[in-house]
Structures are given as structure tokens and as C-alpha cells.
Amino acid sequence: MTEERSLNFLEEIIEADLRAGKYQQIVTRFPPEPNGYLHIGHASSICLNFGLTQRYPGYTNLRFDDTNPTTEETEYVESIKEDVRWLGFEWKHERYASDYFDTLFEYACQLIDRGLAYVDDLTPEQIATQKGTPTQPGVESPYRTRSIEENRDLFSRMKSGEFPDGARTLRAKIDMAHQNMLMRDPILYRIKHAQHHRTGDKWCIYPMYDFAHGQSDSIESITHSICTLEFVPHRELYDWLIEKLEIYPSHQYEFARRNINYTVTSKRKLLQLVQERHVSGWDDPRMSTISGLRRRGYTPDSIREFCSRIGVAKRENLVDVGLLEFCVREHLNKIALRRMVVVDPLLITITNYSGEVEELQSENNPESETGGTRPVPLSSQILIERSDFMEVPPKKFFRLAPGQMVRLKSAYIIRCDEVIKDGRGEVTELKCTYFPESKSGSDTSGISVKGTLHWVSLAQALPVELRLYDRLFSVEDPTDSEADFKSFLNPQSLQVIKNAYAEPALEAANESDRFQFLRQGYFVMDKDSTSDKLVFNKTVGLKDVWAKEAKKS
RNA sequence: UGACCCAUGGUGUAACGGUAGCACUACAGAUUUUGGUUCUGUCUGUUAAGGUUCGAAUCCUUAUGGGUCAACCA
């Protein structure tokens, strides 16, 4: 399949570079800022960067762009490493932009010495106003003409902590009238008396992204520095610094970030959802974070497959979340153990069944020949899904109804003889008879039925909690309007079933085990499970053509 | 009203001057002891107008539409 696939534009560039002998091997990097958890959009970038060096000779680094100590934390570093590994990738070198603070400071001094940088005393507001607008040129700072000696002195005093936060900045001296706003004397260093998660209080000046990212790539000899489209205008500055500093010429390439409908993929917005308690945490199963998807029951394989299918390009996009769901169903269908769980129970008494408990066998996974079977107990009282019975069924309802026959999965065919109701007319019980000669696997009854139901023997039923999830937002693109994206939160995104009834085999389940609950969907055992009550998260439902059919009429 | 980026079915992505293909979705059918899975088939597309060419989704021009850029964030 990979060999059949056509190349994306980055692979074409790389193959051309390799063919031309420009490089013997390629080096890429995944460069997150440790200020939040990774999300599905990052997965795309991870698969791209690491995937490229699996396909072509070379390697990929994990580099934390940790140049802003006030937002960065070790907790995020750890989660990012865990997520990258969980996705199935291993980096060559673990690096930090902060590893290069000394070198970066040296670079800054070089620019000063060559008259290409100056210390500015303007306030943030002043800098903003004199920057101009995209259609109007900016004006030069009065401090732009300071002597090299003065700049050197001031910059080293900035470093030694003589000035308070925000008092001065180091700026590149480029062109205040440049078409590209980023070339209008961009700030290179700012003063921040803040504890850094790695360098502690060694520094009180920190480089800006633009003065750290490109040079870090260069220091690591990154051949292909891949980032998203919003950094296109940064490339000119990136190249300018490489040229002036005369350092290894990494080249930046940009691709369009992947957007997915009915969710948000922005660390800032995800952080808001966490802080304002709209979700239970970064790993809430409704979140688009890697940790959320993991807790939801997604597999690394399915996420990688998704990233591969959506591809890489430069145009704006909004990927249908249905494709992600397709990918996880496809994988889980192959690997998930089948179990029976009744969500909304209706009691059936099999009137001609003996009092004994019979042990039946049911396959663990019909997709797997080596999957084996597990025992399932059957007795005269069982539970079926309330929605699998209708007193007045529509046509093509292949389930239970008065006088109608149906098969109990891996067991017998039963017929509904009598409907018992309570005082309010609510159906409380069904009296059925079973056909002993219709036993699964050795059916000689000659009866053929259209429907097969999942069921659980009442006496052996295991009470479990189910958490059912729906999309977090009720509109395709919550960020596409003036309104606060949180106003589009779907109030029905979480539904908890406190008491569902599971077959006893589920007792042996462990955290993170994945199952298909027959005719319902895929579920994963959650970490909130206790010995008293197992908790399962619904990963995704099965395709349900009957639901569609029923909706039509 | 500047610069830059982008434009192919409902969605995502191919076609590198020579038959617009693949996947998802939707729809129809077959199989099925999960109305699952699997299998078969069908619908739907080159933003527009000019130009170059024997031939244009592809090259050129213009228009239109969308996106990005004015944080001491990344």
C-alpha cells in the first residue's frame, strides 16, 4: 500500500534532494512547546516528521521549544514524551531550545557586533504603535542608532539582571518599512525574571521563538524543518538569521494544519476547557488530545492510519471526524474481544427452561480464527435490550414482538408468548418459550430467524457503569464565528449509564482493555473502575443501519 | 486597502501537458447466529473568463472566493 501511494509534496522535495545528492540522510524534528497537552493535530505533525525518517534514511529529534518560562512546565514535557511514544515513535535525541541558550546569546552578541541588532527602550505599547500596519510602514525607534559599544553594554546588563521585566528588548535591525511585518525590527530577546523549568534562575532574558527556533534547527542540522502554514511569513526572518549568522542552512517547509469538525485543536482553547471545568481534564475522553483519545479507547494504529489517510497538503481543510471513527472501528473490529452488555434491560422468563444453568460457548472474535471462545451462562431469566422489543412492530423489525421469534446470540431461538405490564401500561417482563433443538452450533430445529439479540443471564449479571460520549461541540467549526467557541458546547456530550448488565466474563477485564459490546459499539475499561464497579468508556458505536432505517419512517 | 499562501465530488487526497483516480460518506444489492464485518454496484468534482497548445485540472493573464500577517506567545 505504501509503495502504491503517491508522494505528498514534502516527500517529493525530499526525494529530489536525495536524488540530487544534496543530503545523504535527512533530519527532521518534532518541536512542541511544553505548555499544554498534545492533540490530534500534533499527531499529524508527529506522524509526518517521524514517518519521513522511517521512509527515508535519517532520524528525527524531539525538541522542546521552551523559550517562554512563564507558560511551560515539566508536567507537559512528560505528557508529550508519553504521547509520542504511545503513538509508536522514538526520537533520536531529546533536545530543548534551552540547551542552546548560551549559543543563542552568543549569536545575539554577534549580531550586535555587526550592527544588526540593538537594545530598545520602548514600551510594548510604543513598539506596537511604531510597528505600523500591513498597509502602512512603521517608524524607526529612537534607540535604533545606538553604538555597538552601548548595545553590547546594555545587552550584557540585561543578562545580568539590572533591569526589570519589559524595560528593554534586543531587536534585529532590519527594515521598519518592510512588507513583511516580521521583518520590521523583530524582538530577539526580552527580559523575564522567571524560573525556567530546566535552567532555573540562570537566565532573566529569554530569546523569542523567532530567535530560537530556526537556530535550534540549524544547530541540530535539521535538513527539513516542517511546520504549519501560519509560519510562512516567518521563513523570511528564519532565512535572514541563517544568512547573517552564517550557520547551517536548514530549510523550512510549511503544510496546512489539519482541522477536524465538531472539535477544537488549539492548545489555548483546550486549556480553557480544562481550566473552566467544561471537561474533567486534559485526558477527558471527549477531548481531542492524544491522552483523551487514548482514554477514549482509540488505538495508536488507528490514529496513525487516520493521519496517513488525511495526507499532507497546503490547502485549508476541515476533516470529517467520521473518518477518524472509521479508522478506529476498522482496527477495533480486528482486535476487540466480543462481550454482551445490556444497557437498558427488559426481563425475559423462558417458561419452558429448566431451573439449571447451562454454560454455552461464544466466540471472542469472529474476525480471528485463533480468538477462541468464552463460557456464557444461560438460565431461565435473562435480560435483553428494551429497544429490542416492540409490542406493535413496524415492518422489517427483525427483533422481538408478540408471537415473533428471534435468536439469542450463541444460544437458542425463543418466541415471545406473553407481555406482562405494570399498572401504568409499562412492559415489565416477557414470557417466552425456547426451542431446545435450536442450540447454537447444533441447530436441527429448521427454524430460521432474521434477528439475533445480545442478552445476559440475570443471576450472573455483572453491574457495570457505561460512559457514552457524543461530540463535544454541536457545530462543525466552533471557531468559525464571532461567538465564544464555548457557547457551542454540546450539553449532551456525556451520558452516564450507572447500571448496565454485563456477562460475567467481563469480570476479568483490566484497565485499558478494549471490547466490542455486541450490537452496541466499542468500549474500553476506564481507570475509574473499582473492584465494586467496572467503568467502561464508549469509544465509538457500531454502524447502525437499523437506526437509520427507523429514522426514515 | 498592502504582501504572502491557497482553490479538484458532501469530506480528504491523487493525476507532474495526453482516459479526472483512490478513500471516507451517501445510496442500492449480496452474504451474515452482531441490522456489525465482508463483498458487489451507483451517484456526485477540476471557482470563473480569456490566452498558449493538436491537446490544459496542470502553463500564462485577469477576476472571484478562502486563509495568514500589526503578542516582550509559539
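Remember, predicted model here, so these are calculated numbers, not experimental data.
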**Asked** Nucleotide by nucleotide, 5' to 3', does protein get under 4.0 Å of the base (B), only the sugar-phosphate (S), or neither (-) in nucleotides 66-74 of chain B, counting heavy atoms?
**Response** -S-SB-BSB

**Asked** With a 3.5 Å cut-off and no angle check, do the side chains of N35(A) and E72(A) form a donor-acceptor pair?
**Response** no

**Asked** Going by an N to O cut-off under 4.0 Å, is there a salt bridge joining R63(A) and D99(A)?
**Response** no

**Asked** Between U11(B) atom P and E325(A) atom CD, what is the distance in whole Å?
**Response** 18 Å

**Item:** Distance between P atoms of A49(B) and U64(B) (Å, rounded)
**Value:** 15 Å

**Prompt:** Roughly, in whole Å, what's the span from CG in N317(A) to P in G12(B)?
**Reply:** 6 Å

**Item:** C1'-based separation of U58(B) from G45(B) [nearest Å]
**Value:** 16 Å

**Prompt:** When every nucleotide of nucleotides 34-45 of chain B is labelled 5' to 3' by its protein contacts under 4.0 Å (heavy atoms), B for base, S for sugar-phosphate only, - for none, what sequence of letters results?
**Reply:** BBBS--------

**Item:** Pairwise C1' distance, G18(B) and C59(B) [rounded to whole Å]
**Value:** 15 Å

**Asked** Is the side chain of N49(A) donor-acceptor paired with the backbone N or O of T28(A) at a distance under 3.5 Å, no angle test?
**Response** no

**Request:** Looking at every strand, decide which applies to V312(A) at a 4.0 Å heavy-atom threshold: base, sugar-phosphate, or nothing.
**Result:** sugar-phosphate

**Request:** Grab the CG-C1' distance between L318(A) and U25(B) for me, whole Å please.
**Result:** 14 Å

**Request:** Rounded off to whole Å, could you give me the CG-to-P distance for the N261(A) and U25(B) pair?
**Result:** 14 Å

**Prompt:** When rounded to the nearest 0.5 angstrom, what is the spacing between CG in L378(A) and OG in S440(A)?
**Reply:** 11.5 Å

**Item:** Stem list, RNA chain B (Watson-Crick or G-U pairing under 3.5 Å, at least 3 consecutive pairs)
**Value:** B:2-7 with B:64-69, B:10-13 with B:21-24, B:26-30 with B:38-42, B:47-51 with B:59-63

**Message:** Under a plain distance cut-off of 3.5 Å, with no hydrogens placed, do S362(A) and R339(A) share a side-chain donor-acceptor pair?
**Reply:** no

**Message:** From CG of N8(A) over to P of A15(B), roughly how many Å is that when rounded to an integer?
**Reply:** 10 Å

**Request:** Using a strict 4.0 Å threshold on nitrogen-to-oxygen distance, state whether D185(A) and K173(A) make a salt bridge.
**Result:** no

**Request:** Can you figure out which of U8(B), U11(B), U33(B) approaches the side chain of R315(A) most closely?
**Result:** U8(B)

**Prompt:** Quick one: M183(A) CE to C4(B) P, roughly how many Å, whole number?
**Reply:** 14 Å

**Prompt:** Under the side-chain contact (heavy atoms from CB on, under 4.5 Å) criterion, do F231(A) and Y209(A) qualify, and how do the steps go?
**Reply:** CA-CA 11 Å; F231(A) 291 98; Y209(A) 165 87; 3.5 Å; yes

**Phosphate-side-chain proximity, R309(A) and U25(B), N/O vs OP1/OP2 below 4.0 Å** = no

**Prompt:** Whole Å only: how far is the CH2 atom of W455(A) from the P atom of U33(B)?
**Reply:** 18 Å

**Asked** R146(A) side chain to V119(A) main-chain N or O, any donor-acceptor pair under 3.5 Å?
**Response** yes

**Nearest-Å distance once atom C1' is located in both U52(B) and C69(B)** = 35 Å

**Message:** Can you check the distance between C54(B) and G41(B), where both ends of the measurement are the C1' atom (answer in whole Å)?
**Reply:** 37 Å

**Prompt:** Cationic tip of K159(A) within the cone over F105(A)'s six-membered ring, i.e. under 6.0 Å and within 45° of the normal?
**Reply:** yes

**Prompt:** What's the CG-C1' distance between L48(A) and U13(B), to the nearest Å?
**Reply:** 14 Å

**Message:** Testing L453(A), V341(A), T452(A) one by one against R519(A) for a side-chain contact (heavy atoms from CB on, under 4.5 Å), which residue passes?
**Reply:** L453(A)

**Any P393(A) side-chain heavy atom under 4.5 Å of R399(A) side chain** = no

**Prompt:** Could you walk me through whether Y238(A) and Q252(A) pass the side-chain hydrogen bond (donor to acceptor under 3.5 Å, both in side chains) check?
**Reply:** CA-CA 8 Å; Y238(A) 185 107; Q252(A) 174 180 296; 5.3 Å; no

**Request:** Using the C1' atom on both, measure A48(B) against U8(B) and round to a whole Å.
**Result:** 15 Å

**Message:** Strictly below 4.0 Å, N to O, side chains only: are D165(A) and R190(A) in salt-bridge contact?
**Reply:** no

**Message:** Measuring only the C1' atom in each nucleotide, how far is C24(B) from G66(B)? A whole number of Å is fine.
**Reply:** 24 Å

**Request:** For C4(B) versus U62(B), give the span between their P atoms, rounded off to a whole number of Å.
**Result:** 12 Å

